[in-house]
Amino acid sequence: MERRVAERLRGALAPLGLEPHAFKVGWYNAVLQPSFHLPYPDDTLAFVILSTPSMFEKALKPFVKKERLKIIKDPVDQCISYHLSRVKEKFPDQRVEVMFDYEILPSRKPKFLAQTAAHVAGAAYYYQRKDVKHDPWGKKKIYGVCIHPKYGGWFAIRGLLLFPDVQVLFLEQPVPVDCVSAEEKRIELLEQFNFHWQDGRYRDIIEVKERYSEEQRVYFATPPAERFRLLGLTQ
C-alpha cells in the first residue's frame, strides 16, 4: 500500500518540484515530548513534503500567472496549499489530511515540527546542538537546521500528508544522510545558521547539486510585503 501511495504522490508532485518522503507517525512521536505528538496510531502512514529549488519555476510562477486575478496573500503558501489540496483528489477512496509548515495550534505551538519530520523520514539530516561534542556556545540559544544531501540548505519543508486509514506495519525507517559529519563543519553550520543566516552561507555547507536561481534568491531575500512586485502582482 505504501509503495502505491508513494508512486502516485511522486507522479503528482515531482513535476511541481516537490518531494514526498514517507514515514510512520510512531517514528516521529518516538523522538518528541507528548505535547508535540501527532494524534494517530504509530503505524499510520504519513509523508513530509519538501520543495526543491525547481519549485519556483515549476509551481510558483505558473500558479501566480494562473491566479493573477484572484486575491493572493502569500504566494508560496497559497501555491503549496493549492497543489497539496489537489493531490488529495488523487485518493478519492482514502482520507487524506494536510498540515502546512506555517499552521499553529490554539496553544501557539506548531501543528508539526517540520525538521523532525524530515529527519525521521530520511529526507534531510537535522543537525542540532547535541550533535556537537565540544559545545562552544555557552548559554547562547542555538537552533538546529536540516541539510539535504543533494540540495544542502537550498530547499524547504512545506507540509505533511497523513493517511489516517492506512497502517504500514513493515515500513522500514530510512536513515538520513549525515552529509556534515565532521565536528568542525557542524560547528560552522550551526554558527552560520544562527548568527549569519541572512547571507545564506549555511546553505552551501556541502557541495550541492542544485541551488535556487538568482531570481528566486532575490525573491526570498526581499521583505514579504515587497515580493508581490517581483511577481508582477499588486498586494
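Among residues at least two apart or in separate chains, salt bridge (charged side-chain N to carboxylate O under 4.0 Å, His left out) pairs with a member in residues 77-91 are Arg86-Glu89. For residues 159-168, every residue pair satisfying the salt bridge (charged side-chain N to carboxylate O under 4.0 Å, His left out) rule, not counting sequence neighbours, is listed here: Arg95-Asp165. The salt bridge (charged side-chain N to carboxylate O under 4.0 Å, His left out) pairs that include a residue from residues 28-38 number zero, where partners must be two or more places apart or lie in different chains. Counting only residues at least two apart or on different chains, no salt bridge (charged side-chain N to carboxylate O under 4.0 Å, His left out) pair has a member in residues 147-164.
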Determine all donor-acceptor pairs shorter than 3.5 Å in which one atom belongs to a side chain in residues 14-21; sequence neighbours excluded.
from	atom 1	to	atom 2	distance (Å)
Glu19	OE1	His21	NE2	2.9
Glu19	OE2	Tyr151	OH	3.3

Mind listing the side-chain donor-acceptor pairs of residues 28-39 below 3.5 Å, one per line with the distance, residues two or more places apart or on another chain?
from	atom 1	to	atom 2	distance (Å)
Tyr28	OH	Leu113	N	2.7
Asn29	OD1	Leu38	N	2.8
Asn29	ND2	Leu38	O	3.1
Ser35	OG	Lys109	NZ	3.0
His37	NE2	Asn29	O	2.8
His37	NE2	Leu32	O	2.9

Taking distance alone, no hydrogens or angles, what donor-acceptor pairs closer than 3.5 Å link side-chain atoms of residues 124-132 to residues at least two apart or in another chain?
from	atom 1	to	atom 2	distance (Å)
Tyr127	OH	Asp178	OD1	2.7
Tyr127	OH	Cys179	N	2.9
Tyr127	OH	Val180	N	2.8
Arg129	NE	Asp135	OD2	2.4
Arg129	NH1	Lys140	O	2.6
Arg129	NH2	Asp135	OD1	3.3
Arg129	NH2	Asp135	OD2	3.3
Arg129	NH2	Gly138	O	2.6
Asp131	OD2	Gln128	N	2.8

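Phe170 belongs to a hydrophobic cluster with Leu169, counting contacts under 4.5 Å between side-chain heavy atoms of Ile, Leu, Val, Met, Phe, Trp and Tyr, direct or through other members.
Scanning for side-chain contact (heavy atoms from CB on, under 4.5 Å) contacts around Ser85 gives Ser81, with sequence neighbours left out. Glu7 is linked by a side-chain contact (heavy atoms from CB on, under 4.5 Å) to Arg3, Arg10, counting only residues two or more places apart in sequence or in another chain. For Gln167, the side-chain contact (heavy atoms from CB on, under 4.5 Å) criterion is met by Pro41, Asp43, Thr44, not counting sequence neighbours. Every residue two or more places apart in sequence or in another chain was checked for a side chain to side chain donor-acceptor pair (under 3.5 Å) with Trp27, and none qualifies.
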